[in-house]
Amino acid sequence: MSELLAGLNPDQLAAVTLPSQHALILAGAGSGKTRVLTTRIAWLISTGQVGPHGLLAVTFTNKAAKEMLTRLSAMLPLNTRGMWVGTFHGLCNRLLRAHYREAGLPALFQILDSADQLAAIKRLLKALNVDDEKFPPRELASFINAHKEQGIRAAQAEAWDEYTRRRVELYAEYEAQCQREGVVDFAELLLRAYELLSRNEPLRRHYQTRFTHILVDEFQDTNRLQYAWLKLLAGYGEYGRAAGQIAAAEAGAGSAAAGAPAAIFAVGDDDQSIYAFRGADVGNMRDFEREFAVKSVIRLEQNYRSHGNILDAANALISNNNGRLGKNLWTAAGAGEPIRVFEAFSDIDEARFIVDEARELVRDGVERDQIALLYRSNAQSRVLEHQLFSAGVPYRVHGGLRFFERQEIKHALAYLRLIANADDDTAFSRVVNFPTRGIGARSLEALQDAAHRANSSLYNAAAGLAGKAGASVGAFVRLIEALRRDTAALKLSEMVAHVIDESGLRRHYLGEKEGAERLENLDELINAAESFLREDSDALAEAAGDAGAVLAAFLAHASLEAGEHQAGEGETAVQLMTVHAAKGLEFDVVFISGLEQGLFPHENAAQEREGLEEERRLMYVAITRARKRLYLSWAQTRMLHGQTRYCAPSIFLDEIPPALLRRLAPAPAFASAPAFTSGYSGGYAAGRAGGNGGGGGKASGSRAAAGSTTEVRGLRIGQSVEHARFGVGVIVAAEGGADARVQVNFGAAGMKWLALDYAKLTPL
DNA sequence: AGAGAGAGCCTTTTT
DNA sequence: GGCTCTCTCT
């Protein structure tokens, strides 16, 4: 026990050992939030206040849930299996699988991810002959999701105009289609689970009695529905009323259940709320405090991550926001280095500066994966990648296509889904003609009409289809039936392998020019099935050996956990990601680029209510990622949407006290226009050599000291060279060492630093 | 059925 | 500028 609590600071200790009552923990960035959360669980269990069975812990990402479980099993000799620790969606899935009948779902209901949902909506619009230019599927999807996240069904939705009245109709049609097909989208998982508990009193009482402690991570990111779900589980809320608008149910909030309500331990940081655009409602924090009459609000303000200057900058910036719950980070570490600010001539210049600086840091011994390049929007990564690539710096871009979202994987999963649930029209449409088997648009139209008339799934309608279309579609249905029959006795991974082979997927990709990687991914899917069997025995225990349930569990796993973006194989790499993606991570060195009005803060944010404040919180998140060194940069001109834009520096730069900043002037090496440098007093090299006090951080030498020379690898200053792209130029500077490079004046093509390892220069 | 061209789009995103 | 979607051509 004392071992468990050792090393906690007084606030952390207070939070961990709080008595069983509602509590709100305001956990600042880098304040040991996850540690407090997991230690709290361990403390509750080891002091006998609750068994592993009586506790529910909910997070937003699978990663966070996994992290919590890993740390927990390191603290306690505990079988974490069977514990209700997971994401909102994962836990709701679990609830619905266990009580599918009461929830009005088929036993093997499938989960639609966002892309599946969009495809389902497109199919719906087509079937109903709705003009998808008037009702864009994406817009309709967010309309539906937004309503579900408010707890509003189509039947209760308000239609304030003709257009919306039609959208509400389509929402109702979509609900009916999903129900008919036995599929559930992400928002539906939550809403169904909420309705299940609110309508079914015995079930609700069962879970309310079972869970005496509920712990919530990243509470500032919860939406209204998630909060309502928590209230219901904790024994708060109105019960007599049918589930409907959450707003209505909330009128009765505060009336506790008959039994003792569960204690909610909510951890969050209102300053790091950056997901309002997808429905997160920071207001939940205040509501929680009020509605649950929270007596214990604990602030974790000691930061264990960043040096003082970085924290001071973050504190100063965020103090410009209104209506904060209030928090001020401090550190026992020294002030550290000043924050470096770089003003670039262009986006390319900015990228060149960043890459050059990063290379130098690596040369000075900083680990590559301890360097993060952050940006507001994904489009900015291109120019950075380009510079990294030409400099030969290994890098990794976060975000993008993930494993279970790949085309070939979705195809294979669609076959598996049809085996589990033949009514899944989304899966059916995806693979009925992939690989191609002569089922064209006309056949599909006939099939869709038939299905619509009979109010049945495509699969069932196929049997009644006559003519040529009937024959080819019939053959597909027989294929699925054969797959189902032949895989019935196989274990999951064998089943996956069989489906990949017999569906024709493998043959198709074997014949494709670029198919090798897709084939590898398909093999990886077989591996994934194998390790799912081995590791995710949780779900399997509940499935109790039922092959159909095992398949359904695997498919749910694929939908709920899209998998890592890319395998992090190979050498360590500089990390590139959006600020959003960086939340929760930390790095020794952080570059925040594109600090320009209109980009960061983003221009679209100006139109949204409190948009600027969310942008500021985003900036706050970005700053607090850095441990030791922080670079802020902006460019006077930037290519955006194919044209050059002239930019003003971000107001966020003005919100950081100048005393914390050191403005770096570009060295001639970085300036595209010579006239540009002359106005600067400092000079970039001079700026970086010093270190104006504070402790910590390694002071790197000036660039001039980094091996400058008059001759390198047979090239000397003054010599003429030719480059394939830039033409003829004259060498004006040279640098030796492992990363030897020369600076060449190409005249019209500009001044370039070229790494001799990569650039092909022909001496003239 | 598949390739190639033209049009329109363009903030952030986990489940 | 580049991606995605759609249309058209073969």
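Only a predicted model underlies this, so the values are computations on that prediction, with no experimental measurement involved. By convention in this document, chain letters (A, B, ...) are assigned in the order of the sequence lines, proteins followed by strands, and residues within each chain are numbered from 1.
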- [ ] List the protein contact pattern of nucleotides 2-11 of chain B with one symbol per nucleotide (5' to 3'): B for base contact, S for sugar-phosphate-only contact, - for none; contact means a heavy-atom distance under 4.0 Å.
- [x] S-------BB
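- Per the geometry, CD1 belonging to A:Ile348 stands 12 Å off C1' belonging to C:dG1, to the nearest Å.
- Of the two residues near DNA chain B, A:Ile274 and A:Arg437, the one whose nearest nucleotide lies more 5' is A:Arg437.
- As a whole-Å value, the separation of A:Phe88 CZ from B:dT13 C1' is 16 Å.
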TODO: Treat primed atoms plus P, OP1 and OP2 as sugar-phosphate and everything else as base, then score nucleotides 2-10 of chain C 5' to 3': B for base contact with protein heavy atoms under 4.0 Å, S for sugar-phosphate contact only, - for none.
DONE: S--------
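- A:Leu112 has its CG atom 17 Å from the P atom of B:dT15, to the nearest Å.
- Of the charged side-chain nitrogens involved, at least one lies within less than 4.0 Å of a carboxylate oxygen, so that A:Glu139 and A:Arg167 count as a salt-bridged pair.
- Taking A:Asp347 as the reference, A:Arg638, A:Met639 meet the side-chain contact (heavy atoms from CB on, under 4.5 Å) condition, with sequence neighbours excluded.
- Here the straight-line distance linking atom CG of A:Leu124 with atom OH of A:Tyr171 works out to 13.5 Å at 0.5 Å rounding.
- Aromatic ring pairs are classed by plane angle as parallel below 30°, tilted from 30° to 60° and perpendicular above 60°; the pair A:Phe404 and A:Phe554 is perpendicular.
- With C1' as the reference atom, B:dT12 and C:dC5 are 23 Å apart, rounded to whole Å.
- One can place CG of A:Asn62 at 17 Å from P of B:dT13, the figure rounded to the nearest angstrom.
- Using a 4.0 Å heavy-atom criterion, one finds that A:Asp221 contacts no nucleic acid atom at all.
- With respect to A:Arg376 and A:Glu615, a salt bridge is recorded, a charged nitrogen being found less than 4.0 Å from a carboxylate O.
- Note: A:Tyr207 and A:His99 have perpendicular aromatic rings, judged against thresholds of 30 and 60 degrees for the angle between ring planes.
- Across the protein-nucleic acid pair, A:Leu618 atom CG and B:dT12 atom C1' stand 7 Å apart, rounded to whole Å.
- Between the OH atom in A:Tyr275 and the CG atom in A:Asp221 there is a gap of 7.0 Å [rounded to 0.5 Å].
- With respect to A:Arg153 and A:Glu188, a salt bridge is recorded, a charged nitrogen being found less than 4.0 Å from a carboxylate O.
- A donor and an acceptor atom sit less than 3.5 Å apart, one in the side chain of A:Ser114 and one in the base of B:dT15.
- At a threshold of 4.0 angstrom between heavy atoms, the contacts of A:Phe60 are confined to the sugar-phosphate backbone, with no base atom among them.
- Nearest-nucleotide positions on DNA chain B for A:Asn433 and A:Ala581 put A:Asn433 closer to the 5' end.
- Residues A:Arg417 and A:Asp116 are paired through a salt bridge, judged by an N-O separation under 4.0 Å between the basic side chain and the carboxylate.
- Salt bridge annotation for A:Glu610-A:Arg617: absent, with no cationic side-chain nitrogen under 4.0 angstrom from a carboxylate oxygen.
- Regarding A:Lys63, its NZ atom lies at a distance of 14 Å from the P atom of B:dT13, rounded to whole Å.
- Comparing B:dA1, B:dT14, C:dG1 by their nearest atom to the side chain of A:Met639 picks out C:dG1.
- Backbone-only engagement by A:Tyr275 is indicated by non-hydrogen atom pairs under 4.0 Å involving sugar-phosphate atoms exclusively.
- Following rounding to the nearest Å, A:Leu225 (CG) and B:dT15 (C1') show an atom-to-atom distance of 13 Å.
- Taking atom CD on A:Gln226 and atom C1' on B:dT14, their separation rounds to 10 Å, with Å as the unit.
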